[in-house]
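Chain letters run A, B, ... following the sequence lines, proteins first and then strands; every chain starts at 1.
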Amino acid sequence: MTDQIHRILQHVQKPARYVGGEYNQIVKPRQEQDVRVAFCFPDTYEIGMSNIGMRILYGVMNGMDGVWCERVFAPWGDMEEQMRSHALPLWALESHDPVKDFDMIAFTIGYEMCYSNILNMLDLAGVPLLSSERTELQPIVFGGGICTVNPEPLADFFDFFSLGEGEESTVEILNCYRNAKKQGLDKQAFLRELSHVPGVYVPSLYTHTYHSDGTIAAITPAEGAPALVQKRIVDDLDHAYYPTKGIVPSTEIVHDRSNLELFRGCIRGCRFCQAGFCYRPIRSKSPEVLVRQAMESLEDSGNSEITLASLSTSDYRGLPELTDRLLDYCEPRKINLSLPSLRADNFSRELMLKVQKVRKSGLTFAPEAGTQRLRDAINKNVTEEEILSTCATAFSGGWNNVKLYFMLGLPTETDEDVIGIARLAEKIHHVWRETASNRKRGLSINLATAYFVPKPFTPFQWEAQITPQEYLRRVHLLQENLHLKCVDYRYHESNLSELEAVMARGDRRIGKVLLEAHRLGCRLDGWDEYFRYDLWQEAFRRADVDPAFYTTRGFADDEILPWQTIGVGVSIGFFRREREKAYRNETTPDCRTQCSACGAKCLSAGGVCDV
Amino acid sequence: MFRLLFEKTDDAVYLSHLDLMRIFQRAFRRADILIWHSQGFSPRAYVSIALPLSVGVSSRCEILDFEIEDGSADLQALPERLNRTLPKGVRVLHAYESAVKVKHLAYLKASVTLEYDAGIPSGAVAAITSLFAGESVRIVKHGKKGEQEVDLRPLIRELTLCPVSEQELCITAIVSAQNPGLNPQLLVQAIEAYLPSFRADFARIERLEIFDEAMEVFR
C-alpha cells in the first residue's frame with residue numbers, strides 16, 4: 001500500500017522537488033548522529049537549490065563527524081494545502097523525517113520577502129513559532145544570511161543568529177550545541193554559552209526600549225552578552241571549503257549550472273548596495289584554485305554551463321588568465337561559460353566576444369540612474385560613453401537585445417533624472433541603428449525599474465523611501481517619455497518594495513506584524529500569485545504598527561538604529577561621509593584606486609584587504 | 001544508433017520527461033562521454049526517450065536513444081558507469097546498438113494496482129472485468145486539445161484482473177502503445193466514471209514490458 005506522502009505527491013505540481021534522492025545528496029545512519037540539523041531555505045526548491053551559501057554550509061555541516069544536515073524547502077501552495085489537509089508535518093528531503101524531531105533548525109535568509117515563509121515553515125513543521133514558547137534544548141532555531149545584518153524583525157522567532165560567513169562559525173556553533181547536549185544544559189545555559197562564540201547574536205539577551213515618539217531609547221545587553229556582535233569572515237578563501245561535489249538536482253532549478261565564486265566583497269562602493277558593504281573586506285581566490293574547482297565541479301556534476309559568480313566579475317584581478325584557462329577546458333566539451341556582472345569597460349568588451357563562442361548570452365546593464373549627476377551621487381561608476389560603446393561592440397557582433405535596470409526613488413532624484421532613463425534608451429537605439437550587423441532582426445530593449453529600498457549598512461540607511469504614490473508618478477513620467485516601440489518597460493510592484501523596506505529596517509515591533517500576517521495566511525510573498533498586500537495591511541493594523549515609520553519617515557542621524565548591535569566591519573563614520581558626498585554628487589574612487597578607510601579590514605587577520 | 005534500456009522506479013517516478021532527459025545529459029558528461037549535440041544558436045545534447053511516461057508512473061522498460069560525438073563507446077561498461085551517478089530510482093539495465101526504430105513499438109504491458117483502504121469491495125472483480133470485456137468503454141479525455149471522447153476498448157489487447165492482497169486489486173493489461181496509445185491511467189478513470197462505487201483510494205501504475213507489432217519484446 002502506498003503511504004500518505006506518496007499519495008499526495010500524485011496531486012501536486014512538480015512532485016520531484018519534495019522527495020530528495022538526487023545524485024550527491026548526503027545520507028548518514030540516523031542512530032550514529034549527535035546533532036541533526038534541518039537546514040531550511042525559506043522559498044521553493046528551485047530557488048533554494050540555486051543558492052551557493054546553502055550548498056557551502058550543507059557541505060561544511062555534513063563534513064563534521066556525528067552531524068547530519070538535511071535540506072528543507074518551502075512547499076508550493078498546492079503542496080501546503082495537501083500537507084495541511086492530511087496533517088502531514090514538514091519533512092526533510094534526505095531522511096523524510098519530520099523537521100520537528102531535529103536538534104537544530106537552521107534558516108538561510110537572503111530576502112526580506114521570505115520572512116512569512118519562515119513562520120509558515122515552522123508552523124507546517126509543528127514547531128512553536130516564538131523562541132519563548134520553545135523552552136527545551138531541542139529544537140533550537142537559528143538563522144544567518146544577508147538579511148540577518150538587521151535581525152530584529154525576526155528576533156522573537158529565532159534563538160540566535162549566526163552573522164557573516166559561516167564556514168568556520170557554523171562548526172563552532174554545532175560543537176557548542178553538541179557539548180550542551182552531552183552536558184545536559186538547558187536552553188538558556190546553552191544560549192549564554194553560545195553568546196560568547198564570535199559572530200553569534202542571541203536576541204533574547206538584549207532589551208530594546210522605546211521613546212514616546214517610537215524611536216529606540218536604548219538597547220541593553222544582559223548576562224555578559226557583547227554590546228556589539230561583529231560578523232564573521234573567512235580569511236583564506238583558497239583553503240576554505242567549497243562544494244565541488246554538490247547535489248545535482250534531478251529537476252530543473254533556477255540556476256541550473258555550476259558556480260564559481262571568484263572573490264568576496266566589492267571594491268566599487270555603490271551607495272545603495274547592501275551586499276557591496278556587508279561582504280567586505282575583499283578576499284580573492286587564486287586562479288589555480290578556481291580552475292581546479294571549476295574542473296572538479298563540471299566533471300562531477302555533468303553540468304553544461306558554469307558561471308563566474310561575484311559582485312563585480314570584472315574586478316577579479318586574474319580574470320584574463322582565468323577565462324583563458326576555463327575556455328580551454330570548456331570549449332571542446334561544449335560547456336558554456338557565463339560571466340554575469342561584467343563592467344561596461346574595454347576589457348569586458350573583448351571578453352564578451354571571447355566567451356560567446358559556445359553560446360551567446362544576453363547583454364545586461366544596471367546603470368541604476370538615468371543621468372551622470374545621479375550616477376555620481378549613488379557612486380555607480382559607469383558612464384554613458386561606456387554603456388554606448390559596449391552596446392556598439394555587441395550590436396556589431398550580432399546581439400540585438402539589451403536589458404537595462406534602473407531604480408526610481410534614489411536619494412536626490414529629480415524628474416530630470418527620471419527622463420534621463422528614457423533618453424539613455426533612445427541613445428542605445430541610435431547606436432544600434434548605426435552599428436547593428438543585421439538590422440532586419442530588430443532591436444529589443446527590456447527596461448525595468450525597481451522602487452528604491454534603503455538598506456541597513458549602506459550610506460543610505462537613514463534615507464526616507466519615497467511614497468508609493470510618488471514612485472508611481474515617476475513611473476508614469478518615465479512611461480510618457482518612452483516613445484520607442486522597441487522598448488519593453490516593466491516596473492516593480494510598489495507594495496512589495498514598501499514591505500521590503502519595512503522588513504529591512506524594522507525593529508522588534510515588526511515581529512508582531514509578522515505573526516499577524518502569518519495568522520492571516522501570508523506566505524510566498526515573493527511570488528505574484530501569492531502576495532496579498534491587503535492581508536499585510538490588515539496585519540499592520542492588528543499589530544498597531546505604522547509601516548511609514550520605517551519607510552517614508554527616514555531615520556534621524558542621531559537615532560539609535562535597530563541594527564546597532566550588529567557590526568559588519570564598515571564603520572558608521574564611513575557611511576556618514578559617503579552620505580554627505582552623495583548630497584554633493586561626489587564620487588568615491590574604488591578601493592584599488594584609493595582606500596577610503598571604510599574599516600572592514602579590521603575583520604581580517606593582519607588587517608589586510610584585497611591582497 | 002545507441003540505445004539504453006533503463007528502469008524508473010521508487011521516487012524517480014516523480015521526475016518529468018524533461019527532467020529525465022536532463023539527468024541523462026548530465027550522466028553522460030559525468031561518464032566523460034560527449035554525446036552528439038544539436039547544431040545552432042544554443043547547442044543541446046541530443047537524447048530521445050520513447051513514449052514519455054506520466055509523472056507518478058514507474059517503469060521497468062524505458063528506452064533512450066542517443067548518438068556519440070566520435071561514434072564509439074564501450075557499451076559493455078556503460079550501464080555501470082552511468083548508474084554510479086544516477087539519482088535514486090533511475091537504473092540503466094543494458095546499453096546496445098539497435099536498428100529497430102521506435103515507430104515499431106506497438107504495445108505495452110502495464111499493471112494498475114487499485115488500493116482500497118477498507119478492503120476490496122465485494123463485486124469489484126466481476127464489475128471491473130465486465131466493464132473492460134464490453135464492446136466499448138467510452139470516456140472523456142482531458143488533454144492538450146481540450147476534451148475529447150475516446151473509446152478505450154479497441155486499444156486494449158489483453159486485460160486480466162486479480163487480487164494481490166486484502167486491499168489491492170491488480171489489473172494487468174496489454175494496450176496499444178502509440179498512434180493512438182492508451183495511457184493506463186485512463187483505465188482508472190474509466191472505473192471512476194462507470195463504477196463509482198468501486199473507485200479506489202489510490203492507484204499505482206507500472207509499465208512492465210514493451211512489444212513490437214508481432215508482440216515480440218521490443219528492444
Side-chain angles (χ1 to χ4, degrees), chain A residues 1-25 27 45-46 79 93-94 96 245 247-253 256-258 295-306 330-336 356-361 398 441, chain B residues 8-16 18-45 54-58 69 82-90 113-117 164-168 185 188 200-205:
Chain A
M1 296 291 278
T2 307
D3 64 25
Q4 199 62 56
I5 289 183
H6 290 88
R7 285 187 180 185
I8 68 176
L9 286 169
Q10 296 284 353
H11 304 291
V12 299
Q13 290 174 50
K14 302 184 195 165
R17 51 191 167 168
Y18 304 115
V19 293
E22 307 94 323
Y23 169 56
N24 275 347
Q25 76 164 3
V27 174
Y45 178 90
E46 293 89 324
M79 184 61 169
L93 293 190
E94 280 76 359
H96 292 202
K245 294 188 170 20
I247 294 172
V248 182
S250 300
T251 186
E252 196 173 15
I253 59 169
D256 218 353
R257 55 193 175 226
S258 293
M295 285 165 51
E296 278 176 24
S297 316
L298 288 166
E299 273 163 22
D300 188 69
S301 65
N303 282 333
S304 57
E305 183 172 1
I306 184 161
C330 292
E331 273 183 62
R333 293 171 178 80
K334 297 185 193 289
I335 292 168
N336 186 35
Q356 60 134 337
K357 283 180 196 159
V358 179
R359 222 166 280 160
K360 207 174 276 189
S361 50
R441 284 167 66 202
Chain B
K8 186 173 180 255
T9 59
D10 299 321
D11 283 348
V13 301
Y14 303 114
L15 301 170
S16 72
L18 287 175
D19 289 339
L20 202 56
M21 300 222 289
R22 273 191 296 265
I23 286 166
F24 274 105
Q25 285 162 351
R26 286 199 168 91
F28 277 111
R29 280 190 181 277
R30 283 179 212 132
D32 205 22
I33 295 164
L34 190 58
I35 50 176
W36 183 80
H37 277 59
S38 63
Q39 306 297 301
F41 195 70
S42 186
R44 301 239 173 263
S54 300
V55 171
V57 175
S58 65
E69 196 93 336
L82 292 172
N83 287 336
R84 252 183 275 158
T85 71
L86 283 167
K88 213 164 99 184
V90 181
T113 308
L114 304 168
E115 300 184 358
Y116 296 97
D117 293 348
V164 287
S165 75
E166 298 276 298
Q167 295 161 297
E168 290 162 300
Q185 181 65 44
V188 181
D201 293 295
F202 189 73
R204 53 176 209 272
I205 302 173

With rounding to the nearest 0.5 Å, note down the distance linking OH in A/Tyr23 to CZ in B/Arg30.
5.5 Å

Contact part of [X] toward chain B, heavy-atom cut-off under 4.5 Å: side chain, backbone, both or neither?
| X | value |
| --- | --- |
| A/Asn303 | both |
| A/His11 | neither |
| A/Asp256 | both |

[X] portion near chain A, given a 4.5 angstrom heavy-atom threshold:
| X | result |
| --- | --- |
| B/Thr85 | both |
| B/Asp117 | both |
| B/Phe24 | neither |

Check whether more than 12 heavy atoms from other residues, nucleotides or ligands sit under 6.0 Å from atom CG of B/Asp32, and answer yes or no.
no

For B/Asp19 and A/Ser250, does a side-chain donor sit closer than 3.5 Å to a side-chain acceptor?
no

Stepwise side chain to side chain contact (heavy atoms under 4.5 Å, CB included) check, B/Lys88 with A/Val27:
CA-CA 12 Å; B/Lys88 213 164 99 184; A/Val27 174; over 6 Å; no

Locate the shortest heavy-atom distance separating B/Leu15 from A/Ala16; write the atom from each residue and the value.
CD2-CB, 3.8 Å

Heavy atoms of A/Gln10 and B/Val55 approach each other most closely as OE1-O, 4.0 Å

With side chain to side chain contact (heavy atoms under 4.5 Å, CB included) as the criterion, how do B/Leu18 and A/Glu252 come out once you've worked through the C-alpha distance, each side chain's angles and the decisive distance to 0.1 Å?
CA-CA 9 Å; B/Leu18 287 175; A/Glu252 196 173 15; over 6 Å; no

If we only count heavy atoms from C-beta on, is the [X] to [Y] side-chain gap below 4.5 Å?
| X | Y | answer |
| --- | --- | --- |
| B/Glu69 | A/Lys334 | yes |
| B/Tyr14 | A/His6 | yes |
| A/Val248 | B/Arg22 | no |

Do side-chain atoms of B/Arg29 reach the backbone of A/Arg333 as a donor and acceptor pair under 3.5 angstrom?
yes

If only atom types and distance count, is the side chain of B/Glu115 paired as donor or acceptor with the main-chain N or O of A/Thr2 below 3.5 Å?
yes

